[in-house]
Amino acid sequence: MSSDLLAGLNPEQLRAVTWPAQSALVLAGAGSGKTRVLTTRIAWLIQTGQISPAGVLAVTFTNKAAREMQARLSAMIPVNVRTMWIGTFHGLCNRLLRMHYRDAGLPQTFQILDSQDQLAAIKRLLKSLELSDEKFPPRTVQHFINGNKEAGNRADRLTAHDYYGQKLIELYATYDAQCRREGVVDFAELLLRSYELLSANQALCQHYRSRFRFILVDEFQDTNRLQYAWLRLLAGTDNALFAVGDDDQSIYAFRGAEVGNMRSLLRDYGIGDAIRLEQNYRSAGTILKAANALIEHNDGRLGKNLWTEAGDGEEIRFYEAWSDGDEAEFIVDEARALKREGLNLSDMAVLYRSNAQSRALEHALVNGRIPYRVYGGLRFFERQEIKHALAYLRLLANPEDDNALLRVINLPARGIGARTVEGLQAASAEGGMSLWQAVCGAGGGKRATSLAKFVLLIDAMRERSEGLTLAETVSLAIDDSGLRAMYEQDKKEGEERLANLDELINAAAAFVADEPSLALIEFLTSAALEAGEHQAEAGEDALQLMTVHAAKGLEFDAVFVSGLEEGLFPHENSLNDDKGLEEERRLMYVAVTRARKRLYLTCAQARMLHGQSRYPIRSRFVDEVPAALVKVLSSQSASASPAAPAAWQSAPAPRRSTAEIGGFRIGQSVCHAKFGLGVVVNAEGAGSDVRLQINFAEHGMKWLDLRYAKLQPA
DNA sequence: CACCGCGTTGTTTTT
DNA sequence: CAACGCGGTG
């Protein structure tokens with residue numbers, strides 16, 4: 001009964017769940033029961049007969065979120081979730097393109113390029129066009145292409161005002177031609193292609209419009225322009241677009257997310273006002289007050305204030321360490337203490353701005369014998385040995401896949417070197433054929449022997465794989481290609497890589513294809529689309545380490561937000577404009593709202609970065625937390641400059657609490673007998689052996705040894 | 001063709 | 001402090 005379904009919802013949640021068949025924007029704060037609202041609404045729509053399961057279209061950003069939604073739904077109502085279209089934008093577009101590959105102008109076996117593959121393809125293209133990657137950095141080209149695809153622009157619709165721009169457009173066009181020839185599709189292409197498929201094909205579009213009367217979108221603040229256009233296309237004028245998001249948690253603008261889509265949605269669909277979910281079920285009051293105060297510093301918000309029925313709870317703890325090592329040791333000690341108090345390590349997280357920061361933490365954790373687990377970094381299907389094995393499989397499925405061929409034509413080494421490959425590329429460009437065709441057509445000579453052997457190898461593999469199961473095929477590819485033998489030779493990393501290859505065989509064995517005859521194609525697709533969620537946790541209770549980005553959507557009893565220093569968090573590359581700074585602040589907001597009971601903020605007065613010591617000042621975000629909510633924990637630095645809460649509430653001007661080194665501080669103006677006026681920008685050393693880096697007005701950057709240099713404050 | 005060593009260069013990340 | 005890319009040598 002629907003009464004069961006709706007039981008326990010608060011009034012706002014209830015309003016959102018039972019919203020009539022119209023478009024809506026739900027502004028869902030952190031910990032306000034967003035996923036519950038989304039899934040309950042789907043269940044309610046089905047239960048009240050407003051749609052059939054096949055009429056559900058629900059879009060998420062990660063596969064994990066999609067799976068969670070499916071799991072919760074099948075727990076709520078007896079329904080086959082496979083009939084529903086619940087998935088990521090890319091997953092759903094893939095589904096669409098597979099079903100209508102002819103209309104979309106794609107081969108049935110089209111494969112998906114992940115970002116790595118795309119970059120490799122672009123590098124290859126630049127090389128074949130003899131463009132220096134200094135003038136055309138591959139990453140810049142990649143960014144240009146993806147940015148334009150996400151704006152819905154094909155190369156032929158672009159115009160340039162200068163030579164450089166013109167070249168980029170040409171590159172874009174040539175890249176697309178290359179992808180078409182090879183039968184591959186990048187991530188942005190999945191979206192753009194399915195957008196074009198629907199907008200060019202009235203009947204098809206109408207079919208889906210009448211099917212998906214209710215479209216639900218999660219994490220709407222993270223959608224880009226093309227994704228919003230795609231949603232609008234499917235919604236047409238009659239369907240209800242139900243979007244859930246939080247502008248304060250928009251942390252992916254750097255890769256094209258448009259928070260502005262939230263305002264656009266209100267305008268485009270004549271939605272009077274957003275439904276606000278502001279009651280928080282996660283964090284203690286003090287933590288929420290801190291989060292609210294912090295995010296208040298941003299402009300142009302849709303506006304929202306989190307509150308809770310729970311009490312204030314504990315104070316927020318702030319610790320300013322001497323060094324990054326000291327900071328890490330502090331965290332280790334506190335984690336150990338919390339564990340003694342009965343908290344599981346897995347209910348505690350250490351968050352940081354960038355991955356490089358995990359090193360110092362890991363070092364201290366190993367020394368302190370605290371088990372930990374680092375999230376992020378290399379994912380399963382991105383590992384090189386896995387990529388190599390997949391490349392052989394892709395060649396079996398489609399020998400025209402130049403990317404795959406180049407990856408493994410000489411791996412393991414079989415006497416086909418760079419010069420030979422260059423020759424092949426020249427031949428393929430000249431003859432307008434794929435590399436595989438060029439390999440097959442190579443003439444006589446010594447080189448041709450090794451090339452002919454390679455053709456024989458791949459063809460033999462394909463023949464032998466006939467009638468085999470997917471797992472057997474994967475295993476065969478690993479063995480026959482010589483990959484296994486190659487890694488068996490490798491003393492250093494071979495063992496782990498072999499284990500991963502075996503894991504790949506296991507994954508293939510567990511893979512269930514929709515269409516058995518396409519099992520290999522489907523397996524390769526899912527490898528690209530789900531680069532591999534982090535593997536199932538080993539049983540051990542471990543402290544969780546991850547970037548703030550990776551922590552979005554998660555929650556922990558205790559959270560350490562570390563490295564709160566200007567230049568690190570907020571990151572220095574974001575300090576140039578207000579937009580960048582505001583995104584950093586939202587990142588901080590995400591970090592703070594991960595904590596249920598206890599929140600630590602930590603920073604260090606000295607930090608190793610890029611092999612150099614830096615002496616940063618405390619992050620402005622620390623100062624944006626009201627002092628009354630914070631308990632400053634004593635440290636050695638506290639005695640040097642007593643950090644009385646009142647003292648660090650003198651915002652907005654950041655106080656200089658930099659460590660002194662040799663009587664000088666970073667940022668200080670100094671005067672040198674010979675070089676004149678300058679500013680201290682960096683320092684290293686200790687005791688009497690101190691060196692300062694100084695930017696002199698007249699003489700530029702210099703390192704000076706304090707023992708010899710005659711330096712005085714200016 | 002393969003390997004070694006030097007110099008450069010460093011965000012965040014899902015699909 | 002790393003990881004990666006390039007250029008030179010065996």
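Chain letters run A, B, ... following the sequence lines, proteins first, then strands; residues in each count from 1.
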### Message
Between the side chains of A:Arg620 and A:Glu566, is the shortest nitrogen-to-carboxylate-oxygen separation below 4.0 Å, so that they form an ion pair?
### Response
yes
#### Entry: Salt bridge flag under 4.0 Å for residues A:Arg359 and A:Glu362
no
### Task
Verify whether one side chain among A:Arg373 and A:Tyr375 offers a donor that lies under 3.5 Å from an acceptor in the other.
yes
#### Entry: Below 4.0 Å: OP1/OP2 of B:dT15 and any side-chain N or O of A:Arg379
yes
Applying a 4.0 Å non-hydrogen cut-off, can you work out what [X] is touching in the nucleic acid: base, sugar-phosphate, or nothing?
X        : result
A:Phe61  : sugar-phosphate
A:Phe89  : nothing
A:Asn355 : sugar-phosphate

### Message
Taking the nucleotide of DNA chain B with the nearest heavy atom to each, does A:Ser354 or A:Glu382 sit closer to the 5' end?
### Response
A:Ser354
### Query
Would you say A:Phe454 and A:Leu405 make side-chain contact, with heavy atoms under 4.5 Å?
yes
#### Entry: Rounded interatomic separation in angstrom, taking CZ from A:Arg586 and C1' from B:dT12
13 Å
### Task
Quickly work out the A:Gln116 CD to B:dT15 C1' distance and round it to whole Å.
13 Å
Could you list all N or O pairs between the protein and nucleotides 2-5 of chain B that sit under 3.5 Å apart?
{"from": "B:dA2", "atom 1": "OP2", "to": "A:Asn410", "atom 2": "ND2", "distance (Å)": "3.4"}

hbond_proxy [X] side chain to [N] base (donor-acceptor, 3.5 Å cutoff):
X        : N      : value
A:Arg255 : B:dT12 : no
A:Ser115 : B:dT14 : no
A:Arg353 : B:dT12 : yes

### Query
Between A:Trp85 and A:Phe212, how do the two ring planes meet: parallel, tilted or perpendicular, split at 30° and 60°?
tilted
### Task
Just say parallel, tilted or perpendicular for the rings of A:Tyr172 and A:Phe144, cut-offs at 30° and 60°.
perpendicular
### Task
Tell me whether A:Phe254 is stacked on the nucleobase of B:dT12, counting only the six-membered base ring and applying the 5.5 Å and 30° thresholds.
yes
### Query
Ring of A:His571 versus six-membered ring of B:dT11: centres under 5.5 Å and planes under 30°?
yes
### Message
As an exercise, state the distance from CG of A:Asp176 to NZ of A:Lys149, rounded to the nearest 0.5 Å.
### Response
4.0 Å
### Member of A:Arg67, A:Lys64, A:His90 meeting the side chain to side chain donor-acceptor pair (under 3.5 Å) criterion with A:Glu530
A:Arg67
Polar atom pairs between nucleotides 2-10 of chain C and protein, under 3.5 Å, N or O only, would you list them?
{"from": "C:dA2", "atom 1": "OP1", "to": "A:Arg359", "atom 2": "NH1", "distance (Å)": "3.1"}

### Query
For B:dT11, does the O4'-C1'-N9-C4 (purine) or O4'-C1'-N1-C2 (pyrimidine) torsion place it in syn, i.e. within 90° of 0, or in anti?
syn
### Summary
Applied to residues 544-555 of chain A, the salt bridge (charged side-chain N to carboxylate O under 4.0 Å, His left out) test, sequence neighbours excluded, yields A:Glu219-A:Lys552, A:Asp222-A:Lys552, A:Arg282-A:Glu555, A:Glu555-A:Arg596
